[in-house]
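Notes follow once the structure below has been shown.
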Amino acid sequence: MTESATAVQQAIEGELRLLEPAVRKDPEAVGALLHEEFIEFGASGRRWDRPSIIASMAEAVEEDDLPIATSLMRGVQLADDLVQLTFDTDYNGRTAHRSSLWRRTPEGWRMWFHQATPFTPEA
C-alpha cells in the first residue's frame, strides 16, 4: 500500500469510528479523533467548534441507535499532512453529502474540518 493510500485509509477509519454510536456518546473517544482547531458546518446550517460538537454528540445518541450509513466514500491526499474525504450519509431517512479534512498530527490523523449538506435522493 502506498503512503498516500495508507493516509486515506487511516482517515476513513477515523471517519467511520466517528459514525459509531458507542464512539459518538463517549466524549473522550470523539475528542481523540478531532483536531484541536476543529470546525464543522453542519447540515442544520449551524457552525460548530470542537467543544460544542463533542457535547452535542454525547447528548444526541440513543441506546438503540445504529451506525450512520455511508456510501460513495472517497479520499484523496492533498498534502503530506492533509486528506480530504467525501461521502454521503443516511441517518433515519435524513441524507447529506459530506466532506471532511483530516490532518496528520503527532498523535495520528485528526478531523480538522467537516461540512454536511442535506439533499433529497432522486427517486
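All figures in this text were calculated on a predicted structure; none of them were measured in a lab. The basis for the numbers below is simple: all heavy atoms, side chains too, and nothing from hydrogens, waters or symmetry mates.
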- Message: The criterion is salt bridge (charged side-chain N to carboxylate O under 4.0 Å, His left out); which residues satisfy it with E36, sequence neighbours excluded?
- Response: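 Once residues adjacent in sequence are excluded, the partners of E36 under the salt bridge (charged side-chain N to carboxylate O under 4.0 Å, His left out) criterion are R50.
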- Item | Any residue meeting side-chain hydrogen bond (donor to acceptor under 3.5 Å, both in side chains) with T86, in chain and number order, not counting sequence neighbours |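 Applying side-chain hydrogen bond (donor to acceptor under 3.5 Å, both in side chains) to T86 gives none.
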- Message: I'd like to check the side chain to side chain contact (heavy atoms under 4.5 Å, CB included) partners of A32; sequence neighbours left out, ordered by chain and number.
- Response: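 By the side chain to side chain contact (heavy atoms under 4.5 Å, CB included) rule, A32 matches no residue at all.
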- Item | Any residue meeting side chain to side chain contact (heavy atoms under 4.5 Å, CB included) with P27, in chain and number order, not counting sequence neighbours |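 Only I54, A58 meet the side chain to side chain contact (heavy atoms under 4.5 Å, CB included) criterion with P27.
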- Task: Indicate, with yes or no, if Y91 and M111 share a hydrophobic cluster defined by side-chain heavy-atom contacts under 4.5 Å among Ile, Leu, Val, Met, Phe, Trp and Tyr.
- Result: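 In one cluster with M111: Y91, yes.
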Note, [X] side chain near [Y] side chain (heavy atom, < 4.5 Å):
X	Y	result
R110	L34	no
L33	V23	yes
L101	L78	yes

What distance do [X] atom [atom1] and [Y] atom [atom2] have between them, rounded to the nearest 0.5 Å?
X	Y	atom1	atom2	result
D80	R104	CG	CZ	6.5 Å
R98	M73	CZ	CE	10.0 Å
H114	L85	NE2	CG	10.0 Å
I53	R24	CD1	CZ	7.5 Å
H97	L72	NE2	CG	9.0 Å

- Residues in ring-ring contact (aromatic ring centres under 6.0 Å, His included) contact with F113, at least two apart in sequence or another chain: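 ring-ring contact (aromatic ring centres under 6.0 Å, His included) check on F113 returns F41.
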- Any side chain to side chain donor-acceptor pair (under 3.5 Å) involving residues 70-79? Give me the pairs, sequence neighbours left out, ordered by first then second residue.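 Passing the test, one end in residues 70-79: S4-Q77.
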